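Every chain is numbered from 1, with letters handed out A, B, ... down the list of sequences. This one's a predicted model, so the numbers in the text were calculated from it and none came from an experiment.
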4 protein chains.
Amino acid sequence: MHTAVDTGARRPAATVVPPARVAVAGATGYTGQELLRILSRHPSVSLTAAMSSGTTARRLPALARLWTGEIEPLSPDSLRNAEVVFLALPDKAAAEIAPALVDDGVLVIDLSGAFRLRQEAERARWYPETQRVPTGTAYGLTELARESVAAARLVANPGCYPTATLLAVAPIAAAGFLDPHADIIVDAKSGVSGAGKTPSERTHFCECHGSIAAYGVFGHRHGAEIQQGVAGALGESGEGQPVVNFVPHLVPLDRGILSTIYVRLKSGITEDALSELYQQTYGAAPFVRLVGATLPEIKHVAHTNFCDIGWRVDASGRAVLVSVIDNLLKGASGQAVQNLNLMLGIDERTGLW
Amino acid sequence: MHTAVDTGARRPAATVVPPARVAVAGATGYTGQELLRILSRHPSVSLTAAMSSGTTARRLPALARLWTGEIEPLSPDSLRNAEVVFLALPDKAAAEIAPALVDDGVLVIDLSGAFRLRQEAERARWYPETQRVPTGTAYGLTELARESVAAARLVANPGCYPTATLLAVAPIAAAGFLDPHADIIVDAKSGVSGAGKTPSERTHFCECHGSIAAYGVFGHRHGAEIQQGVAGALGESGEGQPVVNFVPHLVPLDRGILSTIYVRLKSGITEDALSELYQQTYGAAPFVRLVGATLPEIKHVAHTNFCDIGWRVDASGRAVLVSVIDNLLKGASGQAVQNLNLMLGIDERTGLW
Amino acid sequence: MHTAVDTGARRPAATVVPPARVAVAGATGYTGQELLRILSRHPSVSLTAAMSSGTTARRLPALARLWTGEIEPLSPDSLRNAEVVFLALPDKAAAEIAPALVDDGVLVIDLSGAFRLRQEAERARWYPETQRVPTGTAYGLTELARESVAAARLVANPGCYPTATLLAVAPIAAAGFLDPHADIIVDAKSGVSGAGKTPSERTHFCECHGSIAAYGVFGHRHGAEIQQGVAGALGESGEGQPVVNFVPHLVPLDRGILSTIYVRLKSGITEDALSELYQQTYGAAPFVRLVGATLPEIKHVAHTNFCDIGWRVDASGRAVLVSVIDNLLKGASGQAVQNLNLMLGIDERTGLW
Amino acid sequence: MHTAVDTGARRPAATVVPPARVAVAGATGYTGQELLRILSRHPSVSLTAAMSSGTTARRLPALARLWTGEIEPLSPDSLRNAEVVFLALPDKAAAEIAPALVDDGVLVIDLSGAFRLRQEAERARWYPETQRVPTGTAYGLTELARESVAAARLVANPGCYPTATLLAVAPIAAAGFLDPHADIIVDAKSGVSGAGKTPSERTHFCECHGSIAAYGVFGHRHGAEIQQGVAGALGESGEGQPVVNFVPHLVPLDRGILSTIYVRLKSGITEDALSELYQQTYGAAPFVRLVGATLPEIKHVAHTNFCDIGWRVDASGRAVLVSVIDNLLKGASGQAVQNLNLMLGIDERTGLW
């Protein structure tokens with residue numbers, strides 16, 4: 001699974017394909033607007049409908065000259081007219097709408113958390129509103145799941161924190177490099193757009209500016225998603241499971257996540273071994289850039305679909321991995337379109353470059 | 001009026017005065033919290049009550065170790081037990097509560113706009129909820145109104161934009177330096193705390209960060225207050241009135257206002273003449289600092305009660321004045337306490353230094 | 001000049017043109033990097049060389065996976081091998097290099113100020129290093145100069161402040177709407193990238209964060225450029241010249257300019273008249289969006305090549321115009337590529353959409 | 001050592017003491033300026049000299065009306081005239097100057113790192129310029145070292161990261177609560193003022209704004225200081241030493257540190273046990289505030305000398321400690337003055353409240 005791959009074109013390039021009819025539900029939030037911005041210029045897509053998550057209709061001045069359509073009220077029925085539907089809705093709404101669309105033969109890319117957790121017990125704990133997971137559901141961490149995404153009928157687009165974190169740590173787990181007795185500490189820092197668009201005391205400019213706050217200690221759903229990703233990768237190596245201790249922080253910037261991951265490696269695993277492993281895993285992945293001991297910074301990935309990964313290992317086997325993404329793009333809408341491209345069998349960079 | 005003054009001590013220093021019993025109504029907003037922070041450490045004040053602007057009671061963790069009281073629900077009746085009351089309430093609530101308190105012999109310092117405009121027509125237009133202005137009301141632009149504030153029973157604490165703007169332009173108007181045929185352009189930039197604490201789309205971190213927006217063009221109440229201040233100053237010189245064109249902007253910082261003021265001076269008025277005038281006006285004012293052609297910056301006044309003023313004049317009589325304050329201190333709670341000090345007859349720096 | 005235009009395609013669409021060989025000199029500054037970012041993905045361009053402004057060679061990790069070339073030391077000689085050269089150099093270097101390149105038949109797009117001022121006296125005052133202005137030099141404010149840019153051999157790419165300001169005020173001046181007796185006040189606010197990439201006390205994070213500062217009062221070269229643009233536009237209407245009073249401010253954001261422009265209109269010119277004029281001027285311009293009384297905000301244009309313009313007029317003829325751009329794109333590298341597109345005779349949106 | 005203490009007054013209150021003659025060397029950096037700001041208003045101090053770290057003399061406009069002295073060039077000789085000297089100098093200069101001053105009977109509070117590490121090997125590795133540590137040197141983490149500070153002749157004022165981190169973790173180590181087999185992960189986030197005032201690419205506004213970067217992995221000197229503090233605290237409990245893995249991050253805010261500390265507790269140690277321990281340790285400490293499971297935020301401590309500490313423990317013994325300070329105050333100049341107060345035998349809040 002974690003081996004080098006080509007950039008994803010699966011249909012013969014010569015075939016002239018009519019643009020896919022695509023709809024977006026939940027188009028007024030931050031991720032929804034990024035979806036519109038990308039899809040309105042995507043050469044293989046015809047954006048046929050954009051709906052809010054509720055009953056409001058409105059125009060988006062920020063998209064003037066780019067997309068002149070109107071945001072319609074949410075209508076699950078008319079979503080069926082699309083070939084592909086992006087759901088950028090609250091978990092509950094996505095949990096209800098997605099299975100029916102899949103039943104109707106619509107491809108669904110879901111940006112909510114409703115279908116991310118595979119184990120029923122975990123899903124019942126963190127996403128109790130999810131009643132049914134359709135057959136053909138894939139967890140869409142693109143670089144590590146290209147084949148299952150390409151074949152999927154429903155893609156559960158990963159959370160922003162898990163995307164940044166798992167792209168760095170999953171290859172190490174899968175390679176059997178982890179000391180199973182040490183905790184995996186994931187200290188993640190996110191821009192405020194990760195908290196969503198709804199005004200609240202927490203997202204007030206004056207509460208965020210000049211401040212940092214940890215939140216969701218021991219209780220954030222992305223912790224379960226990261227634990228699942230580590231477990232899945234370890235599964236391949238047949239080892240015991242280190243505990244993931246995930247603490248997200250809100251930091252005064254608009255967009256971007258930096259995830260600092262502290263792991264203990266088995267004796268003898270060096271920084272060079274990590275470099276080789278990453279190179280093997282991501283050498284051909286267009287959206288993962290390996291920066292090694294330089295360590296990555298959010299400013300290099302903001303407003304892009306890149307994930308930049310850096311790492312340091314000391315002589316005693318302590319490793320620090322640092323992974324950065326734009327939470328709205330690689331952490332949400334960009335990765336969703338990357339998954340769309342795989343599902344359409346076209347170059348995964350289309351519309352994102 | 002605009003002549004140099006001492007720093008305001010009016011009671012004989014030797015008199016031992018018991019601390020004034022002071023209450024704050026509207027203690028949970030940004031200005032209210034600054035009031036608590038200052039008053040809890042003010043040596044001549046006993047903070048006897050702090051009330052919210054509504055029915056909620058709560059504690060303020062940010063003030064732990066400084067002030068251990070509780071925020072009570074608003075109770076106009078029990079405000080009467082204080083000798084001095086600060087009102088940091090919405091205009092409507094202040095308009096109702098203040099006159100009754102004054103009738104009961106309580107000194108009131110009102111941070112709302114309800115009593116700032118003297119002309120009935122203007123007040124009816126901008127503050128229709130104000131029914132009655134008590135006798136003994138003074139407009140509390142401290143440096144230019146020390147005597148009337150010291151004698152007042154109700155101080156209408158100036159708005160943040162008018163404070164920064166009038167401290168710079170009023171002396172020039174009063175001195176008869178203004179060309180009456182040219183508009184006065186006031187382009188003011190404010191930190192987001194000026195928009196208040198209530199969460200809204202406008203104050204969402206992601207809407208403010210990395211952005212600037214003009215608002216309230218031709219329709220902001222502080223424009224009328226600035227026009228009144230210029231008119232009042234000009235009144236002393238008996239001239240025609242230039243029109244004030246005031247446009248505020250929201251800028252991505254927490255606190256602070258920078259007001260850039262563009263005026264035309266009468267023929268022959270030089271940069272040196274302005275320097276002399278300002279020196280004469282503010283040479284002994286502890287909270288006004290004159291920086292001349294250096295031009296002031298917000299960072300030098302943030303978290304202080306200072307107003308820093310700079311100016312440039314060219315050969316043709318164009319003048320650019322730049323004035324900066326902390327909008328929550330000199331533009332609100334700091335100036336309010338400065339006014340309290342004048343009313344109590346003590347050094348105006350008390351509790352603010 | 002200010003009439004509606006098509007989006008610029010001048011060559012027959014069917015012609016297959018080989019990509020233009022393009023070089024960038026000064027590729028390590030903020031504008032240079034934006035140029036590389038755009039040109040590396042521009043479908044009609046082959047990026048043949050990227051040089052620093054000095055003797056250093058280096059790689060740009062932020063462009064990994066986008067552009068794998070190396071930044072070479074500046075070599076005026078080898079620039080001649082390109083068909084089009086972008087100069088993002090200091091004024092002095094551009095003043096020296098550009099005329100020789102033009103003599104050699106290379107098309108030059110110069111982002112410095114060296115060739116922006118047409119009047120010799122003004123140029124000698126503000127850009128004394130400029131010895132010679134080649135024949136075929138055009139001032140590249142794209143929307144108002146499409147024909148002269150398309151025919152030019154050297155394009156003087158406008159300054160960032162003049163771009164934002166003149167796109168708003170020049171049509172009004174050209175239409176003869178301005179009261180010639182009132183000053184034009186231009187209060188402009190810029191993100192810190194406008195101050196360039198060289199570290200200095202002024203650009204230190206802690207000096208900018210939480211602060212605002214005016215600078216360059218009566219002495220900024222962009223003031224002369226704005227005055228020239230207003231004069232040029234007025235020239236068409238044959239009127240007297242209002243004085244431009246331009247004051248730039250540094251504001252704590254990364255990129256973006258908001259220019260607030262205060263003018264007096266002739267009696268009878270209404271807000272609707274302005275709307276009509278702007279619609280006529282920019283209705284077909286892909287990169288100018290008219291937002292009217294809503295007033296524009298930087299966040300809608302950051303990371304794009306758009307200029308958004310808003311306006312308000314009151315009954316007395318006072319007008320407030322607000323114009324926003326991304327200073328690195330529409331204010332520099334984006335507009336430069338827009339000009340390239342016109343020179344190549346292709347759709348002006350190419351590579352910028 | 002970690003038991004509750006009074007607030008520090010050690011001289012009889014009635015004694016009238018003449019102000020201590022105090023000098024500051026290195027007064028132009030961020031910590032130096034904070035020192036001047038505090039000391040100029042400190043009632044028990046006469047600020048007799050302020051020197052730069054080099055040969056420059058200058059005035060500080062930001063301190064106008066507060067302190068009117070001039071910054072003199074550095075003169076080790078004339079420092080001897082003071083009773084107490086604050087050194088806010090580079091490590092090398094402090095290493096040279098401090099011992100001689102102590103020899104001359106001057107009390108020294110050193111904000112550099114030169115005298116912080118007790119073990120010679122560690123000191124030689126991280127601070128090779130330090131030749132001699134005077135007798136009477138105390139490590140000045142005030143709340144955990146009141147007695148040794150009060151008796152000291154040279155106080156090594158702690159680093160900013162160690163201050164925030166050790167105030168949270170040292171009591172737990174001293175109480176014997178730590179599982180010695182698990183690493184202590186310290187993920188610290190600092191405002192940019194922590195990187196000092198010298199302009200560099202790293203501190204350029206545009207490099208910091210909208211970005212986060214990890215730095216100094218496995219190689220930051222504060223890591224050794226934290227390890228020493230943990231070892232010292234553990235020493236009291238006689239246990240093995242967990243390894244400290246410290247990674248600092250630069251975050252886009254001006255001032256403030258948030259340190260997130262991940263530890264494993266011995267079986268049976270609950271969140272309540274931690275609460276009790278902290279209450280016992282800091283219940284009477286005026287500058288440490290315990291916020292428990294609420295978790296602290298930088299905005300509540302910025303511009304104050306407070307350290308706010310929060311904590312969470314889960315059933316399996318994982319603990320997350322979060323500690324916040326203002327890096328320039330409690331992390332540098334504020335704590336230095338707190339130490340001064342202890343040395344003078346006066347209330348430790350003097351000048352800091």
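The candidate from A:Ala213, A:Gly191, A:Pro296 with the greatest count of non-hydrogen atom pairs under 4.5 Å with chain D is A:Ala213. Comparing D:Val243, D:Val324, D:Asp187, D:Val217 by heavy-atom pairs within less than 4.5 Å of chain A, the highest count is held by D:Asp187. Note: D:Val247 leads D:Leu295, D:Asp254, D:Val322, D:Val247 in heavy-atom pairs under 4.5 Å with chain A. Considering only heavy-atom pairs separated by less than 4.5 Å from chain D, the leading option among A:Ile257, A:Leu253, A:Val301 is A:Leu253. The candidate with the highest count of non-hydrogen atom pairs below 4.5 Å against chain D, out of A:Ile212, A:Asn245, A:Leu250, A:Thr260, is A:Ile212. For the set A:His181, A:Lys189, A:His209, A:His300, the entry with the most heavy-atom pairs within less than 4.5 Å of chain D is A:Lys189.
Of the atoms belonging to D:Ile185, it is side-chain heavy atoms, and not backbone ones, that fall under 4.5 Å from chain A. Neither the backbone nor the side chain of D:Val192 comes within less than 4.5 Å of any heavy atom of chain A. Looking at A:His249, only its side chain comes within 4.5 Å of chain D, counting heavy atoms on both sides. For D:Val251, the part lying under 4.5 angstrom from a heavy atom of chain A is the side chain only. When heavy atoms are compared at a cutoff of 4.5 Å, D:Ala214 approaches chain A by way of both its backbone and its side chain.
Of all the heavy atoms in D:Ala188 and D:Phe246, the pair that sits closest is CB-CE1, 3.8 Å. Scanning both residues, D:Val186 and A:Tyr262, for their nearest heavy atoms gives O-OH, 4.3 Å. The two residues A:Phe306 and A:Thr304 come nearest to each other via the heavy atoms N-OG1, 3.0 Å.
With a 6.0 Å cutoff to the six-membered ring centre and a 45° limit on the axis angle, D:Arg202 counts as a cation-pi contact of D:Tyr215. D:Phe177 does not carry D:Arg264 over the face of its six-membered ring by the limits of under 6.0 Å from the centre and within 45° of the normal.
Contact of the A:Asp183 side chain with the A:Val244 side chain is not registered, since no non-hydrogen atoms from C-beta on lie closer than 4.5 Å.
Using a 4.0 Å cut-off between a side-chain N of Lys or Arg and a carboxylate O of Asp or Glu, A:Lys330 and A:Asp326 do not qualify as a salt bridge. With respect to A:Glu34 and A:Arg255, a salt bridge is recorded, a charged nitrogen being found less than 4.0 Å from a carboxylate O.
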